[in-house]
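These notes concern the structure reproduced below.
Numbers restart at 1 for each chain; the letters A, B, ... are given by sequence-line order, proteins then strands.
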Amino acid sequence: MSSVVSLHGTTTHHAHDDHHGHQHESFISKYVFSMDHKTISKQFLITGIFWAFVGGLFSVIFRLQLGYPDATFPFLEDLLGHWAKGGKLSPDFYYALVTMHGTILVFFVLTAGLSGTFSNFLIPLQVGARDMASPLLNMLSYWFFFIASIILLSSLFVQTGPASGGWTVYPPLSALGDASDGSKIGMDLWLVSMAMFIVSQLLAGLNYITTILNMRTKGMSMTRLPLTIWALFFTAVLGVLSFPVLLSGAVLLLFDRNLGTSFFLSDIVVAGKILPNEGGSAILFQHLFWFLGHPEVYIIILPAMGMASEIIAVNSRKPIFGYMAMVGSMFAITILAFLVWAHHMFVTGLNPFLGAIFVLLTLLIAVPSAIKVFNWITTIWRGNIRFTPGMICSIGFVSLFISGGLTGIFLGNAALDIHLHDTYFVIAHFHIVMGVSAFFGMFAGVYHWFPKMYGRYMNNTLAYIHIWATLIGAYLIFWPMHYTGFAGMPRRYFDYSGWESFKMFTGLNEFITIVAIIVFAVQLLFVFNFFYSIFKGRKVTDPNPWKATSLEWTTPINPGHGNWPGEIPEVHRWAYDYGKDGKDFIPQTTPVGADESKGH
Amino acid sequence: MNIVEPVQRNRIHPYKFNLWIAIGSMLMMFAGLTSAYIVKRNQSNWVDYELPAAFWFSTAAMILSSVTLILAKRSFKEKAMQAYRRYVFVTLILGTLFVLLQVYGFSTMWKSGLTHNSTVSVSFLYVIVGLHALHVAGGLVALILLALKAFNSKVKTYSSIPVELVATYWHFVDLLWIYLLVFLVMIR
């Protein structure tokens with residue numbers, strides 16, 4: 001217990017020492033059903049790494065099909081059995097693979113693996129709290145995620161295979177069991193898994209918000225919070241308000257699938273048979289889905305933005321440029337996130353006037369995004385830069401965010417979107433702006449906070465090889481897709497070789513596949529580095545190895561449950577006093593001196 | 001940032017804060033469902049239906065239960081434990097009555113041919129009202145735990161946090177029901 005509830009409903013914190021409350025912890029309560037936010041964070045991270053491996057492997061398998069549509073790969077039959085007879089992927093399973101790749105990467109890796117890891121790890125440590133507001137709910141949040149993981153994993157092993165209607169699971173394909181193999185039990189498992197996942201995210205989000213607003217240490221006013229915390233706060237707000245809407249869509253879809261209702265179905269003929277469903281609307285699901293789906297992309301990117309801001313400031317030895325502008329722009333992104341969902345639906349027959357409003361609101365997001373990019377660059381500008389692995393990842397993140405963000409302006413335009421929607425241009429756009437760039441934010445976070453997590457360093461040489469190969473590889477994979485997309489190559493097709501107009505891209509598709517395999521192999525280097533360093537990495541000897549100002553570095557090198565052995569430190573300044581009054585950095589815990597210059 | 005601002009901490013108990021955010025989250029789910037209802041309502045082949053009379057009686061039970069819970073909370077704060085036990089018990093009865101009346105309302109609809117998959121409008125009614133009833137059932141579980149604690153003479157209760165948490169949640173499901181009822185009556 002880190003706190004007790006007293007008579008008057010206030011919380012009093014107990015000082016922790018190394019002997020208090022820890023000696024009775026068994027292996028199970030310490031590492032499995034742990035309520036320590038740091039352990040839960042590591043659970044999220046390692047589960048996320050597992051899923052990233054699975055999701056990445058799937059992309060390699062379907063890239064093999066796209067790069068070499070005529071070849072057979074006998075090892076695929078060994079791996080996938082009847083889904084790859086004779087070493088040739090079946091079209092049905094191809095769709096299952098792209099669906100699972102999207103679901104796993106968007107939800108299980110870049111939502112749970114990213115904000116689950118870093119919200120849990122950084123919020124209590126950086127705001128100065130012993131643990132989350134409710135450690136029990138926090139633990140439950142991980143275990144709901146675990147159950148969701150098991151259910152999704154089990155759907156890979158059912159006879160008819162996992163869901164295969166795309167990660168957006170649009171009805172009628174997802175609502176009718178007879179529509180395809182992937183619409184059968186696999187789809188039900190997908191929905192149940194997602195419901196569990198949503199519960200996990202809601203429990204987590206409640207805790208993040210409450211801890212940030214309610215459990216800050218003395219002196220830690222909101223304007224003194226590191227930008228990571230602001231970013232994780234807005235992420236949690238987005239999750240708590242948008243995931244329930246997806247849940248309502250999932251409930252209605254489950255009813256349609258299993259109880260004969262017609263929320264999303266009307267006038268459908270399957271295999272010559274007229275279905276009795278009347279009065280539903282498939283578009284309605286798209287509204288419910290994208291009301292979550294669009295905030296979801298900010299749920300993915302905001303934590304990366306926050307961590308990049310922090311790491312860039314620390315490693316440029318300069319205060320972050322435009323702190324309040326950074327907070328304001330994240331606030332603006334959070335608000336706009338709820339007002340742009342229909343830009344995914346320009347071609348569904350949406351009223352063009354409504355479309356025009358969504359174009360305007362969508363393009364408005366360019367403003368806060370540009371402010372952020374400008375501030376990152378001006379923070380680096382003339383800084384005393386240390387190119388640590390975390391720093392290079394953060395710069396890589398900014399680069400990718402710019403490249404991917406610019407193509408968002410194309411797609412946000414309804415007129416252009418009519419040509420570009422559902423082509424490889426879209427694939428290129430979102431993989432760069434929220435896929436790879438969020439991954440770079442995540443890598444940055446892991447490299448930067450690994451010493452705090454495990455008391456050891458990761459290997460720098462392996463890290464540099466990993467980062468550069470991934471950055472160059474990501475551009476080589478996704479840059480060509482802009483061209484194929486412009487040329488009209490649609491996404492989600494099993495084989496393009498049957499079309500005369502796409503034959504010229506055969507070589508390009510093969511090239512993308514080769515690079516994708518290399519990039520996947522390089523990720524294994526990261527995984528090796530991560531697990532090897534947990535046990536064998538160079539030990540941390542300095543509690544503050546990056547010379548950072550924020551509170552997490554005032555804890556012991558291996559903090560116990562409760563984080564600080566004595567009292568929680570008091571905060572006297574914001575988190576970005578770098579290079580002030582000729583000093584390299586001034587920790588947040590240092591009181592303001594009488595002769596110190598004003599402002600920052 | 002040179003002046004140390006005294007930040008008032010723990011103005012509101014973390015659990016209460018958690019609950020308020022959870023309420024926001026639950027509201028979003030019902031907002032999603034009711035806006036889907038409006039979207040669907042404006043399309044063709046929408047069939048109007050009559051709400052079962054039982055829903056009006058259940059509303060009365062729900063409002064009364066909120067009142068008794070307010071009285072229970074007040075009694076607890078005044079340390080009038082006898083009255084507190086009585087009011088918690090009455091709230092529990094009224095809450096159970098609410099759920100039973102909702103079920104009864106559905107059964108009368110079902111018997112008149114308005115089954116859950118008869119038409120989209122009625123399907124929506126089943127899902128929305130059913131999900132609300134589930135939320136009330138969750139509140140009932142909390143009330144039962146509260147009552148067990150209140151009637152167990154071995155447990156000494158000092159903290160008012162559990163009572164306040166249950167009360168906040170219960171008033172929320174009460175107000176949510178009134179919103180849903182007004183919504184279902186108005187949007188036709």
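- For A:W230 and A:F234, the ring centers are positioned less than 6.0 Å apart.
- Ranked by heavy-atom pairs shorter than 4.5 Å toward chain B, the options A:G239, A:G279, A:G249 are led by A:G279.
- Options B:M29, B:K16, B:M26 differ in how many heavy-atom pairs under 4.5 Å they form with chain A, and the most are formed by B:M29.
- For the residue pair B:N18/B:W20, the side-chain donor-acceptor check at 3.5 Å is not satisfied.
- At a 4.5 Å heavy-atom cutoff, the contact between B:V120 and chain A is made by backbone and side-chain atoms alike.
- Contacts of B:Y126 with chain A are absent, with no heavy-atom separation under 4.5 Å from either backbone or side chain.
- Proximity to chain B (any heavy atom under 4.5 Å) is restricted, for A:L202, to the side chain, taken from C-beta onward.
- With respect to A:R573 and A:E596, a salt bridge is recorded, a charged nitrogen being found less than 4.0 Å from a carboxylate O.
- Per-residue heavy-atom pair counts under 4.5 Å with chain B were compared for A:L203, A:T211, A:I209, A:V251, and the maximum is reached by A:I209.
- Heavy atoms closer than 4.5 Å to chain B are found in both the backbone and the side chain of A:V240.
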Apply the test side chain to side chain contact (heavy atoms under 4.5 Å, CB included) to residues A:V571 and A:R216: give CA-CA distance (whole Å), side-chain angles for both, the deciding distance (0.1 Å), then the verdict. CA-CA 10 Å; A:V571 166; A:R216 302 189 307 278; over 6 Å; no

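- Using a cutoff of 4.0 Å between basic side-chain nitrogens and carboxylate oxygens, A:E567 and A:K218 are not scored as salt-bridged.
- Residue A:L137 touches chain B through its side chain alone, counting heavy-atom pairs closer than 4.5 Å.
- Residue contact with chain B, scored on non-hydrogen atoms closer than 4.5 Å, involves the backbone and the side chain of A:L259 alike.
- Taking a 6.0 Å sphere around CZ of B:F57, one finds it holds 12 or fewer heavy atoms contributed by other residues, nucleotides or ligands.
- Side-chain atoms of A:N207 and A:S134 form no donor-acceptor pair, as typed in the model, at a separation below 3.5 Å.
- Interface remark: A:L246 contributes no atoms to any contact with chain B (heavy atom separation under 4.5 Å).
- Within the 4.5 angstrom heavy-atom criterion, no atom of A:D256 approaches chain B.
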Would you check, one step at a time, whether the test side chain to side chain contact (heavy atoms under 4.5 Å, CB included) holds for B:F124 with B:T34? CA-CA 9 Å; B:F124 262 116; B:T34 46; over 6 Å; no

